[in-house]
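We count ligands from 1, going down the list as the structure has it; atoms in each ligand are counted the same way.
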Amino acid sequence: MKKVVIVYSGGLDTSVCIPMMRDMYGFDQVVTVTVDVGQPESDLRQAEERAKILGTEHYTVDVKKEFVEDYIFPTIKANGDYQGYPISTSIARPLIALKAVEYADRVGADAFCHGCTGKGNDQFRIEFVLRALGGGRPVIAPMREKNYTRTEEIEYAAQHGIKIEQSTAKIWSIDENLWGRSIEGGLLEEPNYIPPEEIFSWTKGPDTAPNTPTIVEIGFENGVPVSLDGTRMDGLSLVKKMLALAGENGVGRIDIMEDRILGLKVRENYECPAAVALITAHKALEDLVCTKEERAFKSMVDYQWGKLAYEGLWFDPLKEDLDAFINKIQERVVGSVKLRLFKGQAKVAGRTSPFALYSEEMASFDDKSFDQSEMTGALKVHGLQSRMYWSLKKEN
Ligand code: ARG
């Protein structure tokens with residue numbers, strides 16, 4: 001009896017993996033694990049139905065709360081970004097793989113299978129976790145190994161009773177979780193093609209968004225959002241509420257050229273309303289409480305953190321080290337930020353913190369707390385080396 005756990009989304013690629021595991025790889029027991037990170041209900045139902053038709057032992061695992069608290073919150077603290085993309089697909093993959101490991105242990109599986117192709121980023125993210133924490137079980141990637149064309153794959157699927165509805169034959173490839181929605185493929189790959197309105201489902205366009213701005217006040221404790229307009233809420237409810245509010249105002253549409261892990265340059269479209277709003281607010285609060293040197297240093301830490309998370313090295317020791325630094329700074333990231341959401345933009349409209357390194361007295365022109373004439377000494381040495389450079393230049 002050989003048993004395999006498929007990291008299962010219920011889409012075409014992972015569904016095709018089911019008969020393949022039996023016919024081509026010799027497994028007699030196939031277990032499918034679908035991890036709910038906030039994708040549409042219809043995707044979860046489709047996975048369940050297909051698993052039933054194809055006769056697998058199926059599990060749907062709801063990890064939304066864990067995803068928010070242990071993945072989204074650290075991402076907010078690190079202002080998680082890669083090349084202008086508020087990393088979202090990237091941060092869900094390690095958790096999905098981790099749950100597959102958990103279920104493999106539970107059901108006593110001999111191997112893992114996933115449906116990632118050989119061109120994308122997700123193979124790196126999922127396989128890293130399966131290999132690092134998966135107990136040495138082999139990892140099978142049929143989509144990469146067999147190198148099928150889409151037509152061959154659809155044919156194979158049809159032969160095995162996997163119905164290809166309109167939705168799976170559609171031209172866009174969509175990945176969705178609570179932190180973001182990615183739309184790629186088809187015509188969208190052409191960098192000069194204007195994305196049609198139909199690709200968006202979380203955000204309104206500037207022409208349909210409300211004509212009056214929405215002001216929302218986000219409360220933070222230790223670098224994570226805890227309240228909206230003074231109402232305390234759990235992380236999951238807060239992220240969902242922010243998604244709806246920012247999306248309604250058209251915030252979070254992103255169109256970028258992205259360099260994949262392999263170096264492949266691709267055009268990507270995202271909708272990340274909650275991520276854009278919450279990270280904008282979080283950064284504004286850091287700007288208020290951090291010293292000039294902390295701000296400069298943290299931007300480097302954030303850059304490195306974003307790169308590791310994008311590359312799927314979520315459980316890398318350097319990431320743990322960076323998290324330790326980030327968490328120390330977050331002790332002072334307490335207070336609230338007012339955001340103005342209006343026609344595609346989330347702009348900071350105000351910020352306050354008990355740890356603000358700002359003194360109205362000192363910044364004001366009327367202040368007498370230090371004698372301005374004492375500045376003359378400092379001015380005499382400022383830019384000393386630059387001044388020497390210029391005087392030498394004049395001499396020669
Ligand atoms: N390029 C993004 C990433 O690597 C998104 C990939 C999502 N996949 C999709 N089928 N839309 O994180």
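- The proximity of Arg260 to ligand 1, defined as any non-hydrogen pair under 4.0 Å, does not occur for either the backbone or the side chain.
- Scanning the protein heavy atoms around atom 8 (N) of ligand 1, the nearest turns out to be Glu184 OE2, 3.5 Å.
- The closest side-chain donor-acceptor pair between Thr60 and Glu48 falls under 3.5 angstrom.
- Note on Ile162: it clusters hydrophobically with Phe27, by side-chain heavy-atom contacts below 4.5 Å among ILVMFWY residues.
- When each atom of ligand 1 is checked for a heavy atom of Glu268 under 4.0 Å away, the hits are 1 (N).
- Of the heavy atoms in Arg125, only side-chain atoms (C-beta onward) come closer than 4.0 Å to ligand 1.
- Of the N and O atoms on the side chains of Arg253 and Thr203, at least one donor lies less than 3.5 Å from an acceptor on the other residue.
- Of all atoms in ligand 1, listed by their number and element, those nearer than 4.0 Å to a heavy atom of Tyr85 are 2 (C), 3 (C), 12 (O).
- In this structure, atom 7 (C) of ligand 1 lies nearest to the protein heavy atom Ser182 OG, 3.2 Å.
- In this structure, the protein non-hydrogen atom closest to atom 10 (N) of ligand 1 is Ser173 OG, 2.5 Å.
- Per-residue contacts place Asn121 under 4.0 angstrom from the following atoms of ligand 1 (heavy atoms of the residue considered): 3 (C), 4 (O).
- Considering only non-hydrogen atoms, atom 2 (C) of ligand 1 lies nearest to Tyr270 out of Phe124, Tyr82, Trp172, Tyr270.
- Close contacts of ligand 1 with Glu258, meaning ligand atoms under 4.0 Å from a residue heavy atom, involve 1 (N), 2 (C), 3 (C), 4 (O).
- Interface atoms of ligand 1 facing Ser90, defined by a heavy-atom separation under 4.0 Å, are 12 (O).
- Put simply, Val266 and Ile256 are part of two different groups of oily side chains (I, L, V, M, F, W, Y) that touch within less than 4.5 Å, one to the next.
- With Lys77 as the fixed residue, the side chain to side chain donor-acceptor pair (under 3.5 Å) test singles out one of Asp302, Asn327, Asp323: Asn327.
- Both tests pass for Arg125 against the ring of Tyr310: distance under 6.0 Å to the centre and angle within 45° of the axis.
- No side-chain donor-acceptor contact under 3.5 Å links Tyr71 and Glu69.
- In this structure a side-chain-to-backbone donor-acceptor pair under 3.5 Å is present from Asn121 to Ile261.
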